[in-house]
A.B. asks: 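So that we are looking at the same thing, I have put the structure below in structure tokens.
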Amino acid sequence: DMRGEIIGSGPDAHITWMPAPGKTDVHITLQSPSGFGIQYGATVDDILPSGYMTWDGGPHGALRFTLEQIITGGNRAALFFLGRGAHDYTIRNCRLEPATDIDGRKENLAVTLPTFNQSFNQFGFALDDDLNISAGILIRNTPPIDPTSGLNLNNVDTVRNENLNIERNVIRNFGYGIASIGIGPLYVVGKNNYEEFHNRRNRYVGNSISDVTRAGILLAYENEAAVADNNISDVVNNSSTPHAVGIWVTAGGGAELVE
């Protein structure tokens, strides 16, 4: 759990995790009853993340991550979960896979988008712990709203998930290879207007994604994304949930597919 602030880190103090020189296979097994392997984002008491952290497996892709769920019947699997307000993180040259097909939760495919209560002119968002999704890398943003009252009790600014670099990774055996889900429209009280809070300026480049169920890359409520040179294969969906596609851009649009 790497949510919240890391004292001293920032744009001038970048943190990088790399294998030692000469290492060709560093295997990291993450045992997680929640289904989240490594989690970034704001804390439950609204401390925003510092960002500026990189996982880099080097030219040989020496960092190999395995997600192992030690309970049965879980609803989600996300080896990396970049949650509310995550920005300036990089995952590069890594190998990501579940320990077993059961750990991959490949049939959990729900894309949880906001609901709207017209009577109260209010959007609703599912809690992270209520998600029903499987992805090697999950990027999902939500506003700082208290789930009980539906209000921003701490008066925290809503920030975007942005400047994330997902490059040259090998991802296999999840429902989605990479899934990015932004907030979408929100009512801004001070401006008396709706404003889009999409994920933005993220790069998905040079990844190899295989043996997934619904999509290699999913972008929902995302702007100014760069998607290029990804190799996506063996997208096989035998579930009752529709679609089996390489790259899926939905709800909010704005993805730039860079040739």
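The analysis underlying the following values was restricted to heavy atoms, covering all of them including side chains, and did not include hydrogens, waters or symmetry mates.
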A.B. asks: Do the side chains of E222 and Y204 get nearer than 4.5 Å, heavy atoms only?
C.D. replies: yes
A.B. asks: In this structure, would W248 and V205 fall into the same cluster of hydrophobic residues linked by side-chain contacts under 4.5 Å?
C.D. replies: no
A.B. asks: Linking directly or through intermediates, with side-chain heavy atoms under 4.5 Å: list the remaining ILVMFWY members grouped with L48, chain and number order.
C.D. replies: V159
A.B. asks: Can you measure from CD1 (I171) to CD1 (I166) and round to the nearest 0.5 angstrom?
C.D. replies: 7.5 Å
A.B. asks: Using a 3.5 Å distance criterion without hydrogens, assess whether the side chain of Y40 forms a donor-acceptor pair with backbone atoms of R3.
C.D. replies: no
A.B. asks: According to a hydrophobic-cluster definition based on side-chain heavy atoms being under 4.5 Å apart (Ile, Leu, Val, Met, Phe, Trp, Tyr only), do I178 and V236 belong together?
C.D. replies: no
A.B. asks: Salt bridge check, R201 against E224: does any charged N sit closer than 4.0 Å to a carboxylate O?
C.D. replies: yes
A.B. asks: Only distances under 3.5 Å count here; give the side-chain donor-acceptor pairs of residues 239-246 to other protein atoms, sequence neighbours excluded, each with its distance to 0.1 Å.
C.D. replies:
residue	atom	partner	partner atom	Å
S239	OG	N237	OD1	2.6
S239	OG	T241	N	3.2

A.B. asks: Let me confirm one number: the CG-CD distance from L186 to E195, rounded to the nearest 0.5 Å.
C.D. replies: 8.5 Å
A.B. asks: Please find the pair of heavy atoms, one from Y89 and one from P49, that lie closest to each other, and give the distance.
C.D. replies: OH-CB, 3.5 Å
A.B. asks: With Y52, which residues qualify under ring-ring contact (aromatic ring centres under 6.0 Å, His included), at least two apart?
C.D. replies: H87
A.B. asks: Answer yes if the side chains of D211 and N173 hold a donor-acceptor pair under 3.5 Å, and no otherwise.
C.D. replies: no
A.B. asks: Between the side chain of T158 and the main-chain N/O of P143, is any donor-acceptor distance below 3.5 Å?
C.D. replies: no
A.B. asks: Hey, does the side chain of R105 reach the backbone of A77 with a donor-acceptor pair shorter than 3.5 angstrom?
C.D. replies: no
A.B. asks: Test side chain to side chain contact (heavy atoms under 4.5 Å, CB included) on L138 and L131; report intermediate values, then the result.
C.D. replies: CA-CA 11 Å; L138 173 61; L131 296 179; 4.1 Å; yes
A.B. asks: Is there a side-chain contact between N93 and M18 in this structure, where contact means two heavy atoms from C-beta onward sitting under 4.5 Å apart?
C.D. replies: no
A.B. asks: Should I38 and W17 be counted in the same cluster of Ile, Leu, Val, Met, Phe, Trp and Tyr side chains packed under 4.5 Å apart?
C.D. replies: yes
A.B. asks: Would you check if T112 and N132 make a side-chain contact, meaning some heavy-atom pair closer than 4.5 Å?
C.D. replies: no
A.B. asks: Any chance you could measure H198, atom NE2, to S180, atom OG, to the nearest 0.5 Å?
C.D. replies: 11.0 Å
A.B. asks: In the structure I gave you, are the side-chain heavy atoms of Y176 and I137 within less than 4.5 Å of one another anywhere?
C.D. replies: no
A.B. asks: Please find the pair of heavy atoms, one from G35 and one from L67, that lie closest to each other, and give the distance.
C.D. replies: O-CD2, 3.6 Å
A.B. asks: With rounding to the nearest 0.5 Å, note down the distance linking CG in D234 to OG in S210.
C.D. replies: 6.0 Å
A.B. asks: Kindly say whether N207 contributes a backbone atom to a donor-acceptor pair with the side chain of N230 at under 3.5 angstrom?
C.D. replies: yes
A.B. asks: For T213 and K106, work out which heavy atoms get closest and say how close.
C.D. replies: OG1-O, 3.0 Å
A.B. asks: Do R140 and I133 come close enough that some side-chain heavy atom pair is under 4.5 Å?
C.D. replies: no
A.B. asks: Got Y221 and N141 here, is their nearest side-chain heavy-atom distance under 4.5 Å?
C.D. replies: no
A.B. asks: So if you build clusters from Ile, Leu, Val, Met, Phe, Trp, Tyr with side-chain heavy-atom gaps below 4.5 Å, do I91 and V170 land together?
C.D. replies: no
A.B. asks: How would you list, by chain and number, every residue that makes a ring-ring contact (aromatic ring centres under 6.0 Å, His included) with F36, sequence neighbours excluded?
C.D. replies: F81
A.B. asks: Please say whether more than 12 non-hydrogen atoms of neighbouring residues, nucleotides or ligands are located less than 6.0 Å from CD1 in I102.
C.D. replies: no
A.B. asks: Give me the atom names and distance for the closest heavy-atom approach of A13 to G8.
C.D. replies: CB-O, 3.2 Å
A.B. asks: Can any side-chain N or O of N161 pair as donor or acceptor with the backbone N or O of I139 at less than 3.5 Å?
C.D. replies: no
A.B. asks: Hey, would you say the F80 and F65 ring centroids sit under 6.0 Å apart?
C.D. replies: yes
A.B. asks: CG of L218 to CD1 of I247: how many Å apart, nearest 0.5 Å?
C.D. replies: 11.0 Å
A.B. asks: Looking at residues at least two apart in the chain, or sitting in another chain, which of them share a salt bridge (Lys or Arg N to Asp or Glu O under 4.0 Å) with R92?
C.D. replies: D56, E167
A.B. asks: Is there side-chain contact between L219 and N202, with heavy atoms separated by less than 4.5 Å?
C.D. replies: no
A.B. asks: To the nearest 0.5 Å, what is the distance between CD on Q39 and CG on D128?
C.D. replies: 6.5 Å
A.B. asks: Judged by atom type as modelled, is there a donor-acceptor pair below 3.5 Å linking the side chain of N108 to the main-chain atoms of N75?
C.D. replies: yes
A.B. asks: Which residues satisfy the salt bridge (Lys or Arg N to Asp or Glu O under 4.0 Å) test with D46, sequence neighbours excluded?
C.D. replies: R84
A.B. asks: Passes side chain to side chain contact (heavy atoms under 4.5 Å, CB included), N223 versus E196? Steps please.
C.D. replies: CA-CA 10 Å; N223 282 338; E196 291 181 344; 3.9 Å; yes
A.B. asks: If you count heavy atoms of other groups shown closer than 6.0 angstrom to NE2 of H60, is the number above 12?
C.D. replies: no
A.B. asks: Quick one: closest heavy-atom pair of S9 and I15, and the distance?
C.D. replies: CB-CD1, 3.9 Å
A.B. asks: How close do R95 and G61 get, counting heavy atoms only, and between which atoms?
C.D. replies: NE-O, 2.9 Å
